[in-house]
Amino acid sequence: MPKDNVVVGLDIGTTKVVAVVAEVTLQGRLNIIGLGETPSGGLRKGIIVDIENTARAIEKAVEQAERMSGCRISSAFVGLTGPHIGSINNRGVVAVTGEDGEVGPEDVERVLQAARVIPLPADRRIIHVLPRQYIVDGYDGIMDPIGMSGSRLEVETQIVTAAGAAVQNTLKSVQRAGLAIEELVLNPLASAEAVLQQAEKELGTVVVDIGGGTTEIAVISQGCLWFAAVLPIGSEHITSDLAVGLRTPLTQAEAIKKEHGCVLAELVAENEFIEVPAVGGKEKKQVPKKMLAAIIEPRVEEIFTFVRREINGSHFQGLLPGGVVLTGGGALLEGITQLAGEALAMPVRLGWPENSGGLADMVASPAYATAVGLVNYGAGRLAHTQAAASREAIWENFWAKIKNWWRELF
Ligand SMILES: Nc1ncnc2c1ncn2[C@@H]1O[C@H](COP(=O)(O)OP(=O)(O)OP(=O)(O)O)[C@@H](O)[C@H]1O
Ligand SMILES: [Mg+2]
């Protein structure tokens with residue numbers, strides 16, 4: 001049975017599809033109760049290129065998560081990524097029409113609609129209109145304007161857009177797997193939800209999620225998203241560099257990267273050697289571990305050169321005292337935080353999904369940052385909907401009491 005305090009996050013990654021099920025407690029805490037994971041195979045650089053294969057992988061991951069959690073899953077918060085992602089700032093303005101010049105939920109709805117009005121090519125879709133602050137009659141810094149008095153309501157938003165075809169293919173794959181989409185969520189926004197502390201979100205921090213086929217970037221400041229970008233380069237590129245450089249099959253190169261890979265030659269001892277199987281043959285050769293670093297380092301440097309370019313383009317360089325939080329499976333490479341610190345000239349730490357309970361140990365890896373972040377995001381949505389419902393109930397109760405009072409009076 002689907003329960004109304006259960007949230008599901010579905011991360012359709014280039015290397016793996018992950019479904020995380022979490023229960024939201026009355027205190028608003030997240031307890032992880034289920035996990036399903038399966039290799040994806042239908043994606044390239046974050047984009048779905050094979051709907052059937054992707055749908056099958058989603059089905060498998062969801063099935064596992066259902067079995068573990070004992071919940072039937074019918075819908076999920078689904079991550080979206082790809083180099084087609086764009087983000088822009090926009091404002092909306094409306095006149096307040098609520099009773100007694102009080103801002104009502106419909107005014108907020110209308111001002112957000114007004115902020116959505118941007119010139120967009122026909123093949124692009126808006127996936128988020130994220131309000132950063134509301135301004136009532138010129139007074140700014142308002143997070144929840146409902147109930148405030150005023151005549152003019154403005155909103156400053158961050159609008160995240162995506163290629164229409166990529167959105168459609170995600171919808172099709174998820175639907176074909178028999179699931180409904182609660183909401184599409186920008187991947188690095190989800191990762192930020194999972195790995196950032198509140199203070200980092202306020203101060204200004206950039207999250208860099210290095211996956212298999214993509215590197216996703218999100219700048220978070222004053223608790224909001226200010227900039228997002230997705231690069232079509234990830235840790236799989238390091239694997240293919242190793243395969244070519246060591247002349248070994250991709251599967252071996254992947255295993256060697258995970259077990260012995262190190263970004264910086266200076267961290268490797270001179271006399272360390274590893275065994276590398278040759279392509280097509282049974283024989284193995286001895287390769288100095290320093291050689292791995294020599295192959296890996298230029299690729300990682302290239303990734304951070306692109307990341308630096310994006311941060312500079314966001315006009316947030318020098319305004320991110322929270323530094324960089326590296327996450328995603330690719331962030332597990334030894335020495336990568338040190339190299340990132342040097343390449344970006346910023347403090348860097350590794351980001352793990354935090355702040356959840358239950359079976360949280362199962363998702364305690366940077367590779368699960370997006371999936372856990374999706375349930376964090378979903379829990380936030382749930383709280384919002386419940387708050388709106390209880391606000392409505394309070395008003396209904398209030399009017400019912402007034403009616404009764406009149407009836408008793410006459
Ligand atoms: N211990 C490790 N050391 C080095 N690399 C690792 C390690 N564990 C995982 N990786 C790499 O991380 C990558 C997968 O990361 P992740 O699971 O975050 O990707 P994804 O979400 O499937 O892909 P994307 O986000 O690009 O769509 C793989 O290329 C894998 O080789
Ligand atoms: Mg990912």
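Numbering of residues begins at 1 and proceeds along the displayed sequence. Both ligands and their constituent atoms are indexed starting at 1 by order of listing.
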For residues 185-194, tabulate all N or O donor-acceptor pairs below 3.5 Å that involve a side-chain atom, not counting sequence neighbours.
unit_1	atom_1	unit_2	atom_2	d
N187	OD1	L80	N	3.2
N187	ND2	E216	OE2	3.0
S191	OG	N187	O	3.3
S191	OG	D209	OD2	2.9
S191	OG	T370	OG1	2.8

| message | Among I118, V117, D123, exactly one meets side chain to side chain contact (heavy atoms under 4.5 Å, CB included) together with L120. Which residue is that? | response | I118

| request: Scan side-chain atoms only and decide if K257 and S235 contain a donor-acceptor pair under the 3.5 Å cut-off. | output: yes

| Are the side chains of Y134 and L153 in touch, meaning some heavy atoms are under 4.5 Å apart? | yes

| said: Measuring only between side-chain heavy atoms, which start at C-beta, is T161 closer than 4.5 Å to R125? | reply: no

| said: Closer than 4.0 Å to some heavy atom of T214 - which atoms of ligand 1 meet that? | reply: 24 (P), 25 (O), 26 (O), 27 (O)

| message | Quick test: of every protein heavy atom, which one is nearest to atom 2 (C) of ligand 1, and how far off is it to 0.1 Å? | response | L332 CB, 3.5 Å

| field | Heteroatom proximity flag, I12 to ligand 1, N/O under 3.5 Å | value | no

| message | Considering R44, K257, E334 one by one, which has a heavy atom nearer to atom 29 (O) of ligand 1 than any of the others? | response | K257

| query | Given I296, V17, L333, T14, which one has a non-hydrogen atom that is nearest to atom 27 (O) of ligand 1? | reply | T14

| said: If I apply the N/O under 3.5 Å rule, does G330 come out as touching ligand 1? | reply: yes

| note | of all protein heavy atoms, closest to atom 21 (O) of ligand 1 is K16 NZ, 3.5 Å

| query | What about N187: any of its N or O atoms under 3.5 Å from an N or O on ligand 1? | reply | no

| Any N or O of E254 that comes nearer than 3.5 Å to an N or O of ligand 1? | yes

| query | What is the nearest protein non-hydrogen atom to atom 6 (C) of ligand 1, stated with its residue, atom name and distance? | reply | G329 O, 3.4 Å

| field | N or O pair under 3.5 Å between G13 and ligand 1 | value | no

| Is there a donor-acceptor pair under 3.5 Å between the side chain of S356 and the backbone N or O of L30? | no

| remark: Atoms of ligand 1 under 4.0 Å from any heavy atom of E236, numbered from 1 in the order shown, are 29 (O)

| note | Those residues at least two apart in sequence (or on a different chain) that pass side-chain contact (heavy atoms from CB on, under 4.5 Å) with D140 are Q133, I135

| field | G328: numbered ligand 1 atoms lying under 4.0 Å from its heavy atoms | value | 18 (O)

| message | Tell me the protein heavy atom at minimum distance from atom 22 (O) of ligand 1, and give that distance in Å. | response | T15 OG1, 2.5 Å

| task | Could you grab the distance from atom OG1 of T248 to atom CD of E275, nearest 0.5 Å is fine? | result | 11.5 Å

| Flag side-chain contact, heavy atom, 4.5 Å: E259 against E254 | no

| field | Region of K45 engaging ligand 1 - heavy atom pairs below 4.0 Å | value | neither

| How are the rings of W226 and F316 set to each other: parallel, tilted or perpendicular (split at 30° and 60°)? | tilted

| query | Closest approach of G9 and V375, non-hydrogen atoms and distance? | reply | N-CG1, 3.3 Å

| task | For atom 19 (O) of ligand 1, grab the closest protein heavy atom and report residue, atom and distance to one decimal in Å. | result | G212 N, 3.1 Å

| message | Which of the numbered atoms in ligand 1 are under 4.0 angstrom from any heavy atom belonging to S235? | response | 11 (C), 13 (C), 29 (O)

| note | Atoms of ligand 1 under 4.0 Å from any heavy atom of G213, numbered from 1 in the order shown, are 26 (O)

